[in-house]
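Side chains included, hydrogens not; waters and symmetry mates left out as well; all remaining heavy atoms used.
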Amino acid sequence: MKNRIEILAPAGSGESLEAAMTAGADAVYLGGRKFGARAYAENFSDGELLDTIDYVHVHGKKIYLAVNTLIKDRELEELYDYLAPCYLRGLDAVIVQDLGVMEFVREAFPKLPIHVSTQATVTGALGADFFKERGVCRIVPARELSLPEIRKMKQDSGLEIECFVHGALCYCYSGQCLLSSMIGGRSGNRGQCAQPCRLPYAAGDGKAQDIMSLKDLCVIDMLPELIEAGIDSFKIEGRMKQPEYVYTVVSMYRKYTDLYNSSGRDGFAVDGRDRAILWGSYQRRGYTTGYYKQHNGKDMVSFCRPKKSAEEALCVPRHKMQQKINGKLILSEGEHAKLYIGTADTEIEYTGAAVQRAKNRPLDTAHIEKQMRKTGNTEFVFDRFDMEVKGQVFLPVQALNELRREGIAKLEKEILSDYHRDGAVDRKEWKTAGREALHCRQADVRPDLSVLVSETPHFNQVIGDGRIDTVYADASIGFSAVRDKERKGQKLFLALPYIFREGTAHRWENLYDEMVSLFDGVLIRNFESFQWLKGRGYPKEIRSDYNLYVFNRMSRKVMEETGVGRFFAPVELNYKELAELGLENGGLIVYGNQPVMVSANCIRKNTKGCNREDGRLYLTDRFRKKFAVKNYCADCYNVIYNCQPLVLLSQQREVKELHPAELRMDFTGESAKEAERMIELYWKCFKKELPVSVPDIDYTKGHFRRGVK
């Protein structure tokens with residue numbers, strides 16, 4: 001018999017929770033009214049969360065709470081009070097994206113297991129090791145990984161691995177999407193994604209299509225391969241979907257996982273009727289097996305919305321789900337009634353009223369059993385019920401009812417006592433943890449001015465420019481363009497790839513020594529590259545980019561303790577929130593078309609064909625806005641940039657008040673003339689502190705004013 005794989009079901013509502021449990025889920029994941037990545041699901045109130053934890057545990061299942069949004073400093077004040085009751089009640093784990101929240105949970109709730117959300121963009125064994133060192137027990141890797149990569153992550157890290165097997169797929173690596181945030185103010189990192197990727201876009205001069213709308217994932221036929229890759233938990237997406245969908249999908253994955261466990265590969269085959277029911281439970285875009293066996297491809301994309309068809313989900317059974325128990329009742333004349341009831345793991349004894357001698361007709365055993373089996377609306381139902389009756393006995397019906405009622409209540413309490421915790425860290429202790437006083441830079445110390453360049457012409461333009469203190473050269477710029485360049489006192493940093501999967505790590509092994517010699521440090525965009533550098537004993541400075549989300553002081557503390565010398569502030573915090581975070585050792589991006597998506601799929605390949613060459617094209621939306629798309633072919637991913645550049649020239653006073661260590665301009669598709677104009681304006685504005693006028697261009701102030709909810 002193979003190890004039982006966990007079937008993990010979504011529970012966006014109470015009805016979906018019951019559907020999942022009835023269908024055979026081993027565990028459910030859900031969100032409360034705060035901090036969850038599905039803010040528009042029905043979700044659970046604080047009181048409902050506690051009742052749900054008990055309900056799930058009575059039935060011998062597990063429950064995981066999604067706390068997988070980025071959390072602001074002021075919200076950390078609320079997080080303890082939100083989690084503490086659930087922790088004491090026996091919550092089985094939290095699902096987390098924010099590095100600061102992970103540290104917070106470790107400090108405040110040391111016995112609470114932490115699962116790393118797919119929002120953390122873990123793309124390899126290196127990333128898993130990074131989080132393992134921080135005490136997590138389970139990784140939900142990026143959905144873009146192949147089966148060999150998942151197998152290696154499991155073997156190398158030894159952590160539990162939880163992978164999606166069914167439901168919606170994002171076009172972007174989860175956690176790396178700012179499209180909804182930047183164009184509509186609804187942040188996917190805060191659970192409010194408006195899904196603009198599902199809308200039509202035109203690539204280049206082509207017609208408008210749903211270029212970024214992926215089909216839904218369904219791997220029911222691949223379960224043997226997934227199990228043999230070492231996956232511990234099969235996760236089903238769908239906290240926004242109906243109970244019928246949840247019941248149907250969980251039922252099918254339960255059925256065929258159990259079939260493999262009992263019959264192995266030779267006995268495994270999915271019935272065509274079951275597959276049709278599974279696909280019919282939710283018809284949106286068609287189905288794909290995702291990235292498990294392919295890196296990308298147009299067959300994964302639904303270029304147009306199909307005609308609406310009738311959905312054929314299974315009906316959720318109307319009967320209440322009840323846990324089976326066994327019971328034994330002993331009635332002896334002149335002694336107190338004894339009731340023994342229990343599950344396979346827990347048994348209790350309850351002593352009831354004294355048994356009387358029957359004056360007329362003694363109690364009939366069939367009548368007693370019928371009365372005792374009336375468990376009604378409780379969470380239990382008797383499977384086997386035995387009795388020992390000695391003598392001419394009599395007990396009032398009221399006494400039998402009380403015996404059953406109090407016995408079941410005692411059993412439930414005993415079951416739940418194994419889950420309940422005590423000893424949560426005192427609230428006053430954690431509030432001061434990691435909150436050391438901030439030592440702000442002196443107001444008269446001007447920040448460094450830096451430039452990030454992703455193309456060789458821009459690099460040649462800024463290297464040696466006395467107005468620029470630091471140049472960040474993107475990894476796509478070859479080392480041949482960097483060698484023997486006169487810097488004139490500038491620092492030169494290498495910006496490593498946004499995605500650092502195993503193939504990328506192998507490629508950089510051959511470049512490591514020259515990288516150390518050519519550059520003063522590196523800028524990282526993922527934890528895989530950090531772990532790779534650490535493993536090589538990298539001797540120079542490591543800085544982290546905006547997309548590693550130092551969103552609160554706790555995450556800032558973790559990054560500093562980890563060894564990151566300087567962080568760049570996330571782009572979704574406003575001025576006041578940046579002031580709370582503190583930028584005295586941080587950088588602030590003040591200009592550039594910012595990345596809004598990093599995708600394993602390829603716009604060029606899916607619309608024009610792959611030519612295996614770095615390059616760019618443009619997506620045009622329904623408002624005629626153009627989004628640049630750059631191919632990074634060496635590592636096979638796309639970066640999509642915002643249609644408007646960020647310009648913070650008119651925020652000179654507020655930026656200065658933040659006392660950032662560094663201000664950065666990002667150049668992507670600008671002409672040499674445009675780049676020169678911006679360098680001069682920002683140099684005058686922030687180095688010379690002269691008044692400047694904002695150029696007459698279409699631009700955005702990003703979230704510097706508005707922030708995200």
Side-chain angles (χ1 to χ4, degrees), residues 123 144 146 171-173 176 179 197 201-207 209 211-212 214 291 294-301 303 451-463 471-483 485 494-511 514-515 518 523 525-526 528-529 545 592-620 626-643 666-672 674-675:
T123 61
E144 289 76 5
S146 67
Y171 191 80
C172 183
Y173 280 94
Q176 301 300 310
L179 183 61
C197 54
Y201 296 82
D205 56 0
K207 66 177 182 178
Q209 304 176 83
I211 292 170
M212 295 188 286
L214 295 186
Y291 295 93
Q294 64 184 89
H295 188 84
N296 52 35
K298 65 189 302 181
D299 59 312
M300 298 173 63
V301 182
F303 289 95
V451 172
L452 170 69
V453 294
S454 57
E455 296 177 353
T456 302
H458 283 144
F459 177 79
N460 292 334
Q461 182 176 358
V462 301
I463 197 71
V471 174
Y472 296 91
D474 190 87
S476 59
I477 297 175
F479 284 6
S480 60
V482 176
R483 298 187 192 104
K485 293 292 185 180
L494 173 69
L496 285 169
Y498 282 97
I499 302 299
F500 205 82
R501 289 164 71 166
E502 187 176 2
T504 303
H506 287 323
R507 183 165 62 85
W508 280 91
E509 288 290 338
N510 298 324
L511 300 171
E514 189 172 12
M515 178 187 79
L518 284 177
L523 179 73
R525 279 89 171 251
N526 48 69
E528 283 77 19
S529 54
D545 212 347
N593 293 79
Q594 296 174 309
V596 291
M597 272 197 180
V598 180
S599 176
N601 249 286
C602 181
I603 298 291
R604 177 175 295 278
K605 177 181 178 181
N606 291 344
T607 59
K608 299 178 180 298
C610 177
N611 60 6
R612 299 184 182 276
E613 293 181 3
D614 286 1
R616 68 175 62 241
L617 53 74
Y618 288 86
L619 293 178
T620 305
K626 292 185 179 295
F627 298 80
V629 183
K630 182 171 181 180
N631 305 329
Y632 286 83
C633 291
D635 303 304
C636 201
Y637 64 81
N638 278 188
V639 176
I640 302 174
Y641 295 91
N642 198 13
C643 55
D666 292 359
F667 291 153
T668 49
E670 292 86 354
S671 67
E674 290 168 335

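In this structure, R612 places its CZ atom where only 12 or fewer heavy-atom neighbours from other residues, nucleotides or ligands lie under 6.0 Å away.
Counting heavy atoms from C-beta outward, D545 and Y472 have side chains that stay 4.5 Å or more apart. E514 places a side-chain heavy atom less than 4.5 Å from the side chain of R483. Side-chain atoms of K608 and L617, non-hydrogen and from C-beta on, do get closer than 4.5 Å to each other. Proximity of Q294 to D299: side-chain heavy atoms (C-beta onward) are separated by under 4.5 Å at one or more points. N611 has its side chain within reach of R604: a pair of non-hydrogen atoms, C-beta onward, lies under 4.5 Å apart. You'll find the side chain of H295 reaches within 4.5 Å of the side chain of R501, heavy atoms only.
For the side-chain contact (heavy atoms from CB on, under 4.5 Å) test with N638, the passing option among C602, C172, P595 is C602; the others fail.
K298 NZ to Q209 CD: the interatomic distance, rounded to the nearest 0.5 Å, is 8.0 Å. The structure places CG of N460 at 4.0 Å from NZ of K485, a figure rounded to the nearest 0.5 Å. Annotation: the span from N606 atom CG to I211 atom CD1 amounts to 9.0 Å, rounded to 0.5 Å. Note: Y201 OH to K626 NZ = 13.5 Å, rounded to the nearest 0.5 Å. Distance check: L494 CG to L523 CG gives 8.5 Å after rounding to the nearest 0.5 Å. Interatomic distance, CD1 of I499 versus OH of Y173, reported as 4.5 Å (0.5 Å rounding).
Across all non-hydrogen atoms, the minimal contact from E670 to N593 is OE2-OD1, 4.0 Å. The two residues S476 and D614 have their closest heavy-atom pair at CB-OD2, 4.1 Å. The two residues Q461 and A672 come nearest to each other via the heavy atoms NE2-O, 2.9 Å. The two residues Y632 and Y641 make their nearest non-hydrogen contact at OH-OH, 3.3 Å. Minimum heavy-atom separation, L496 to M515: CD2-SD, 4.4 Å. For the pair F500 and P497, the tightest heavy-atom approach, listed with the atom from each and the gap, is CD1-CD, 4.1 Å.
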(request) Might you work through the side-chain contact (heavy atoms from CB on, under 4.5 Å) test for L214 and Y291, ending with a clear yes or no? (result) CA-CA 11 Å; L214 295 186; Y291 295 93; 3.8 Å; yes
(request) Start with the C-alpha gap between V451 and H458, add the side-chain angles, then the distance that decides, and say whether side-chain contact (heavy atoms from CB on, under 4.5 Å) holds. (result) CA-CA 9 Å; V451 172; H458 283 144; over 6 Å; no
(message) Set out, in order, the CA-CA distance, both residues' side-chain angles and the distance that settles side chain to side chain donor-acceptor pair (under 3.5 Å) for N601 and S599, then state yes or no.
(response) CA-CA 5 Å; N601 249 286; S599 176; 5.3 Å; no
(request) Could you check V453 against I477 for side-chain contact (heavy atoms from CB on, under 4.5 Å), going step by step and ending with a plain yes or no? (result) CA-CA 9 Å; V453 294; I477 297 175; 3.9 Å; yes
(request) Check step by step if side-chain contact (heavy atoms from CB on, under 4.5 Å) holds for D635 and R507. (result) CA-CA 9 Å; D635 303 304; R507 183 165 62 85; 2.7 Å; yes
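A donor-acceptor pair is defined here as one N or O able to donate and one able to accept, closer than 3.5 Å; such a pair exists between the side chain of K630 and the backbone of S454.
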